[in-house]
Protein chains: 12
Amino acid sequence: MTLRLLALDGPNLNLLGRREPHIYGVSSLEEIIARAARRASELGATLEHEQTNSEARLVELIQGAAARADGVVLNAGALTHSSWALADAIAAVGLPVVEVHVSNPAAREPFRHQSTLGRVVRGSIAGFGPRSYELAVQALVEIIRSTAHEAT
Amino acid sequence: MTLRLLALDGPNLNLLGRREPHIYGVSSLEEIIARAARRASELGATLEHEQTNSEARLVELIQGAAARADGVVLNAGALTHSSWALADAIAAVGLPVVEVHVSNPAAREPFRHQSTLGRVVRGSIAGFGPRSYELAVQALVEIIRSTAHEAT
Amino acid sequence: MTLRLLALDGPNLNLLGRREPHIYGVSSLEEIIARAARRASELGATLEHEQTNSEARLVELIQGAAARADGVVLNAGALTHSSWALADAIAAVGLPVVEVHVSNPAAREPFRHQSTLGRVVRGSIAGFGPRSYELAVQALVEIIRSTAHEAT
Amino acid sequence: MTLRLLALDGPNLNLLGRREPHIYGVSSLEEIIARAARRASELGATLEHEQTNSEARLVELIQGAAARADGVVLNAGALTHSSWALADAIAAVGLPVVEVHVSNPAAREPFRHQSTLGRVVRGSIAGFGPRSYELAVQALVEIIRSTAHEAT
Amino acid sequence: MTLRLLALDGPNLNLLGRREPHIYGVSSLEEIIARAARRASELGATLEHEQTNSEARLVELIQGAAARADGVVLNAGALTHSSWALADAIAAVGLPVVEVHVSNPAAREPFRHQSTLGRVVRGSIAGFGPRSYELAVQALVEIIRSTAHEAT
Amino acid sequence: MTLRLLALDGPNLNLLGRREPHIYGVSSLEEIIARAARRASELGATLEHEQTNSEARLVELIQGAAARADGVVLNAGALTHSSWALADAIAAVGLPVVEVHVSNPAAREPFRHQSTLGRVVRGSIAGFGPRSYELAVQALVEIIRSTAHEAT
Amino acid sequence: MTLRLLALDGPNLNLLGRREPHIYGVSSLEEIIARAARRASELGATLEHEQTNSEARLVELIQGAAARADGVVLNAGALTHSSWALADAIAAVGLPVVEVHVSNPAAREPFRHQSTLGRVVRGSIAGFGPRSYELAVQALVEIIRSTAHEAT
Amino acid sequence: MTLRLLALDGPNLNLLGRREPHIYGVSSLEEIIARAARRASELGATLEHEQTNSEARLVELIQGAAARADGVVLNAGALTHSSWALADAIAAVGLPVVEVHVSNPAAREPFRHQSTLGRVVRGSIAGFGPRSYELAVQALVEIIRSTAHEAT
Amino acid sequence: MTLRLLALDGPNLNLLGRREPHIYGVSSLEEIIARAARRASELGATLEHEQTNSEARLVELIQGAAARADGVVLNAGALTHSSWALADAIAAVGLPVVEVHVSNPAAREPFRHQSTLGRVVRGSIAGFGPRSYELAVQALVEIIRSTAHEAT
Amino acid sequence: MTLRLLALDGPNLNLLGRREPHIYGVSSLEEIIARAARRASELGATLEHEQTNSEARLVELIQGAAARADGVVLNAGALTHSSWALADAIAAVGLPVVEVHVSNPAAREPFRHQSTLGRVVRGSIAGFGPRSYELAVQALVEIIRSTAHEAT
Amino acid sequence: MTLRLLALDGPNLNLLGRREPHIYGVSSLEEIIARAARRASELGATLEHEQTNSEARLVELIQGAAARADGVVLNAGALTHSSWALADAIAAVGLPVVEVHVSNPAAREPFRHQSTLGRVVRGSIAGFGPRSYELAVQALVEIIRSTAHEAT
Amino acid sequence: MTLRLLALDGPNLNLLGRREPHIYGVSSLEEIIARAARRASELGATLEHEQTNSEARLVELIQGAAARADGVVLNAGALTHSSWALADAIAAVGLPVVEVHVSNPAAREPFRHQSTLGRVVRGSIAGFGPRSYELAVQALVEIIRSTAHEAT
């Protein structure tokens, strides 16, 4: 069965490739998502994508994710470190969510060392540039497949 | 004179009844508001209602509340514990605001033990499930009536 | 069936009406309890009352509450913010306890922003002056009735 | 007019003279109070005295002080550093209260460096052994007299 | 060459002149911006303006500022003290940003003593009422002009 | 020579056996003390016992212990973590005091991880259910005997 | 009427232009003051100036400022972040004081993120290099003139 | 059935009797273990013993304990207050572990007031010198016996 | 024998009577010292006095005090809460020092709740306005006399 | 060219599959490594493996890794959250290191929310059970290959 | 070439030999400097010296050091732990500065465990009594010589 | 008499000269020790040396040092900031220990600003590169010689 994945990006990730390339690299978000979608396709999955700078929109995308996807790859940007509303939304829906970061937040400013979302996501992948998304897609596919298998 | 009340709900409260029922109970937000509206009606008041996942929208509803209501019942969800903008809006308008929670935040995760809004609301009611809203309506009506009485 | 409620007040609440009226209002504790008892009566419940300045006495009243009441309205005054012994007593007995405050502690000194009892009470009502007690009586009656109903 | 002063001592101060004399000296509480009473007498004042190990009793003595005294000399012992109930009682009554300590708490364990009562007392005298009480009596008499004078 | 400046205002600043005038003064935001625009005009610059209560909108206005302005005057209101997303946006675009406040946050509640944006703005001006904006316009013009001069 | 021991129990320990048996076990305080007294008897000692919910009473029992006992087994319950008055009393009297707990406070809520009494007690025993008391009796007897022996 | 302004500089500001030019720029304090004085002159004001490395001297200059000036531009250097004595002096005299910084302290080491003086100054201007002083002069003149106008 | 106990000692406990005797007493570790073994023998148990200064060795001894013992008496020395690896090992094996200390850590330097192991041990005994070990042996035997009994 | 006392005042105390009279009262420092000197004279002592805004000068006055006085009354103003150098000087000289304050620092801003000097002074007197100095003189005389008496 | 990878596991990871399976799953470390080695093989890489409970051994394995591998997959277990020595070793060698965890530390006890190694590793993968290792192998291969490519 | 060294001593160091000799030893500052000067002379260097109790004077001596010395030995006394102004001065001048202490601050009160100057000095030597200065002279000479050598 | 010194190096110091030379310099540990041994020889002392990455080994080397040396030069690397076991070992043996660092920890990451060993070492020398060891040897020789001299 084809899995449906949803990649969600938060504030400022639309600037990837243009914003501080020494930290975030030179790939644009479109290129990163395209690569991740190819990986998804190789694994028998589709990958939808949305970027928003709005916490509220992100909350609503998470709320509505169950209707259109089997799992979520989430890069919440700076909201990763402050949004309890987003964490509440993830806890409320039953989907597996994988936290992903292009850079390695643990090696940056102190406020990026704690994830408000950590408590409710299934796992996290950080620091591998555009590859973080591909790895997250792969992790998500394997998690969903193995859970389905166990449930059979 | 008929009092006009406004019930405002913040992020994720549209999921009530579906979200973690062992914490939040099985009533939907619509049912909860319907019960609260009946109580308002019994007390000679009307109850308008809006839910939003957006901090900005919530700020604007508070800003505009004076034009359409005599008091506000506010469940800001996770924003209760982080939104200084919402607190500033409440301080800016002259209306009495009652903070309300379905669950008892003081018995949950530490980040829910402090209310950013506490400094500016008139009072708070928490932990009584759907009944929290009915009690808040009642508290609000009595506060407004007694203040009006004193002002006469 | 007639419900039996118990209202317990802690340190300095015997001074209500005389103590800092700009914070606590002008009603005496006797008047407040009388109003709360009328509300209880309207709801088919009785309301006993005791005030004490002693943490030990308060612990013992909580311990003995199960023998004489179906639920407790508790204003522990300053002990709200420091008494682990009182919290232990509430956790030990099976009765629903509603925390109540005349003023809004969240809008006062920082030490009043955290409730040591919050972890173990059923819910809390604060900031509505004498009406806080009436609302607490009402909340308690509804909680007990609905629980009884579910248990049937 | 004869002034009426009340000296109140909290937990463990009944042990003065016997308890850790390298910290608290060798005078008993009775001797200390006797000296303080002589000083009061020289200044045209009487000095009543009570010691209790109970926070509740101390709260009640403060509550009732207005009926029997024009001012209070208070050594709350270890409660100095933890009792919000006592602070609330002092704030509630209108009498001037002088905080007094035999030893110098600021030179002892860290928990003794902050006074919960500091916010509500008129002033404090610490570190002069039995003389702390005599000085406190004197300070209290002068404060009360000068206030009376101004009020005339 | 005419400089293009952009003034951005965050949550609740649309209430200026009506909100707590003892803190924020009696000038409306429109009046303040009009005065700032006159000052800009005197200095050979234009001043566009937007106010929003939305963090997401503010992030997007910052992201898009480079296309329409040479520098930004930013009053982020309460978001000044909490929004890492806004700070990330400022760091991502290359424009000089001047933080501005009508009141003096350092003299108000503790949460206003730290600026999340401080790390990424060029400078800040606070406490001069409506004049803060005029001074910020002037500072921005001088910074941009001197940088341009150096770059020649 | 027969040793005289005193077991003192603080707030809520009268509920042992009835209160949260998954934490505290099913033995009542009477049964626990009876077992401890038998152990004392086997070791040539007597064991008196008092339980109180009052901090003041506990302070006074400690103050008076020297007149009736050679050592104290103390379970101060929740006061273990907050009572400086009790710590002062223990420091003031010369008797060895053994802190005892039925459950293991270090494995429970954070507020139970620090003992206010730790600084002044001779030692502590925690986590062995009713056996904690028997072990404490035994520890106390051995300490007193060995000290007496050394003093000879 | 000609306004008299006083510019006061604290520790190490005599090194401006020589000290860490990547942070503080290449203008000497004399040049900066000369520019600020020209700006003052354009606005119908005079600008006196003193620099000292001494907290005590700074305290005294503030104490004596009322006798020679209508307002103060103050760059207290590192004392900005630690001197309560300076803050007390500012609070004691009635003059408007504008805090000024060449660099942007909020973007530097953490100890520079809090201003001990913030509570008592009228406003602050930071991060604009030598221009910070000119803007401060301007801000001060406008504040004084508008206050005088209102007082008339 | 003969019970098999294992006593494990961590860093610097090989120095007992030589190291700071005013804190740790004059008994050598060998003497202490010999006494504890005698007590074990009286209770129908054997006591093996190992001391190591290595956290890794201690982790491995805990890991392998299930194959050779029914319970562990553990004095981890300074590692008590920092080793999460040791805590993880204890949580991983199913054996009851009793934490033991010769001195009373709660009465020493602040870093000794918190036990990293507290969360995972069955109970703790501290402050009774060499007797701490004997009491721990006894506690362990009783715990194991009573659990076995319940399991029958 | 005539005792020689030295009263030392730190930063901003030269403003007493003019500075924030609602906090510090209307007496000038000269008047306060004159009253304290009269009290000293009545007790057979002389009182020299110096005020300085300089921490260094205060350190040197303390260092040199032994050559000219038998004890010191010290009001270090804001330095009370920050000067380790002053504390070191007091510890270095052998004279008794009494800390004195006109207002009650414990009832003011949080930074005034801790005294850096508390560890090294003999005692403190605070909150009695000008009388604080008179009481301090008296306390100092009695301390010195009683110590001399004991030394005989 | 064949890449050489090294997988290093720290304390207690030898217990995988046996230790708390509700947290860590049922796969043994051998099975997990076998799967990861297969993934490495598919990607043209070899995977060596060592587990140790010793921080020192882990430091030395990191120090020696450059001689035998092109990159390291590191699960330091509990040392992740405390070992500065390990972080120093990683910083000292030039190899890319990927931090990996079977469970999701951010969703467990607070001490697991901060990684001492985060500052020096290339990236991290956590929460995917045995798959975490496979993903880490893949991430490492891609990072090394792309870096080699860029270097050509 | 003869090196010129400058030894600077801060508050209370003029008391060395007289002040708390159990901490600071019995050598006077003059003797310590004489020994350090002899050591300097043996190494082909001269040693000037100044002591001051004034932070401002110390700042100025550091500012002017470049004109008279090749390096500085600095014992700032209690200012070591609080003076940002001094740290700024050291950062501003280009000279190597060696921090020196007679006692070992890390073994004394907590406030002495952190050095405000640590960030900007070249190195530090503490705990060797008068020898600390000789070692510092030696360290400074070697640093300056090796730097000069490298620069050739 | 020939003095016997022992130089002990902890984790990662075997990498000196290769590890981050901009921080630690280009000298290898062997070269540094050779220089230090020459200095020891000039002073009539021998210098043995051991490096280990193991905390346990370091503890044991300290424990056994008394049998082979008169004093210890210790560079515990990252363990300096976390090892209570090492601190306990130093406190347990009677030898003087000098803490030494090649770089200046006070100028690096915050975790390096506090030394766990500071409380128990005789003194410390940091920041002088390889010379730190030579200076430490010299300090140690002088300390031991002067102590021996005083003991005669």
Side-chain angles (χ1 to χ4, degrees), chain A residues 6 8-12 14 50-72 74-97 99 105 109-122, chain B residues 8-30 50-62 74-87 89 99 101-106 108-118 126:
Chain A
L6 180 59
L8 299 178
D9 284 281
N12 295 308
N14 54 325
E50 295 208 35
Q51 188 274 337
T52 175
N53 294 307
S54 161
E55 182 190 36
R57 177 73 183 135
L58 219 42
V59 164
E60 280 156 11
L61 285 165
I62 291 285
Q63 289 186 357
R68 61 196 275 214
D70 302 296
V72 175
L74 172 63
N75 183 346
L79 295 174
T80 304
H81 314 293
S82 65
S83 178
W84 297 113
L86 199 48
D88 277 2
I90 296 171
V93 304
L95 287 181
V97 174
E99 182 182 332
E109 304 96 318
F111 80 85
R112 296 195 214 265
H113 295 193
Q114 293 271 5
S115 169
T116 301
L117 312 180
R119 190 172 47 92
V120 292
V121 299
R122 181 66 181 264
Chain B
L8 298 177
D9 284 280
N12 296 305
L13 289 159
N14 54 326
L15 302 182
L16 275 176
R18 283 170 290 159
R19 166 197 187 194
E20 302 163 288
H22 61 289
I23 300 175
Y24 297 102
V26 297
S27 304
S28 71
L29 184 57
E30 289 67 27
E50 295 209 34
Q51 187 273 338
T52 174
N53 295 305
S54 162
E55 181 190 36
R57 177 74 183 132
L58 220 41
V59 164
E60 282 157 10
L61 286 165
I62 292 286
L74 172 64
N75 183 347
L79 296 174
T80 304
H81 314 293
S82 64
S83 179
W84 298 113
L86 199 49
E99 183 182 332
H101 299 284
V102 174
S103 68
N104 181 8
R108 299 179 62 195
E109 306 96 316
F111 80 86
R112 296 195 215 264
H113 295 192
Q114 292 271 3
S115 169
T116 302
L117 312 180

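Protein chains get the first letters and strands the later ones, always in sequence-line order, with residue 1 at the start of each.
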Between chain A and chain B, which N and O donor-acceptor pairs fall under 3.5 Å? A table would be great.
from	atom 1	to	atom 2	distance (Å)
A:E60	OE2	B:N53	ND2	2.9
A:Q63	OE1	B:N14	ND2	2.6
A:Q63	NE2	B:N12	OD1	2.9
A:Q63	NE2	B:N14	OD1	3.1
A:A85	O	B:N12	ND2	2.9
A:D88	OD1	B:R112	NH2	3.0
A:D88	OD2	B:R19	NH2	3.0
A:D88	OD2	B:R112	NH1	3.1
A:R119	NH1	B:E109	OE2	2.9

**Item:** Part of A:A91 lying under 4.5 Å from any heavy atom of chain B
**Value:** both

**Shortest non-hydrogen contact from B:P11 toward A:A85** = CB-CB, 3.8 Å

**Prompt:** Excluding sequence neighbours, so at least two apart, what forms side chain to side chain contact (heavy atoms under 4.5 Å, CB included) with A:A65?
**Reply:** A:L6, A:V72, A:L95

